[in-house]
Amino acid sequence: MSKDTPNPEKSVRERGTFASHNDDPTLASYLSSLFLVLSVPGFIAAAYAGHWAGLYGYGSIVPAFAGLLVASLAVAFSLMHWLTGR
């Protein structure tokens, strides 16, 4: 029987909350979620901080945010590639 077939002995909550198989959360999944939740607000704040510090004009806030976002994705993918060795 396939692994994704629902098991009638357990409720949906028990199957999701008390999972004991290879789909359990890992430290990497928690760090990935934390990065997702904190990166966008942090990059917005950093883009505005650069404007307030006088590094660039008001019209450059969105390109600064985009640059931070693209750079962080490049770093994250490079780190994942390096850590998995693929």
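In this text, all values refer to a predicted model and were calculated from it rather than measured experimentally.
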On a heavy-atom basis, which atom in Gly59 and which in Pro63 lie closest, and how many Å separate them? O-CD, 3.6 Å

Rounded to the nearest 0.5 Å, what separation is found between the OG atom of Ser72 and the CZ atom of Phe77? 9.5 Å

Look at the side-chain heavy atoms of Ile, Leu, Val, Met, Phe, Trp and Tyr, link any pair under 4.5 Å apart, and say whether Val75 and Phe35 land in one connected group. no

Least distance between heavy atoms, Tyr56 atom then Ala64 atom: OH-CB, 3.5 Å

Applying a strict under-4.5 Å side-chain criterion to I, L, V, M, F, W and Y, I'd like to know whether Val70 and Leu79 cluster together. no

When clusters are formed by joining ILVMFWY residues with side-chain heavy atoms under 4.5 Å apart, either directly or through shared neighbours, do Leu55 and Ile44 land in the same one? yes

Closest heavy-atom pair, Phe43 versus Leu68, reported as atoms and distance to 0.1 Å, is O-CD1, 3.8 Å

Tyr30 and Val37: same hydrophobic cluster, using ILVMFWY side-chain contacts below 4.5 Å? no

Does Val62 belong to the same Ile/Leu/Val/Met/Phe/Trp/Tyr cluster as Tyr48, with side-chain heavy atoms less than 4.5 Å apart forming each link? no

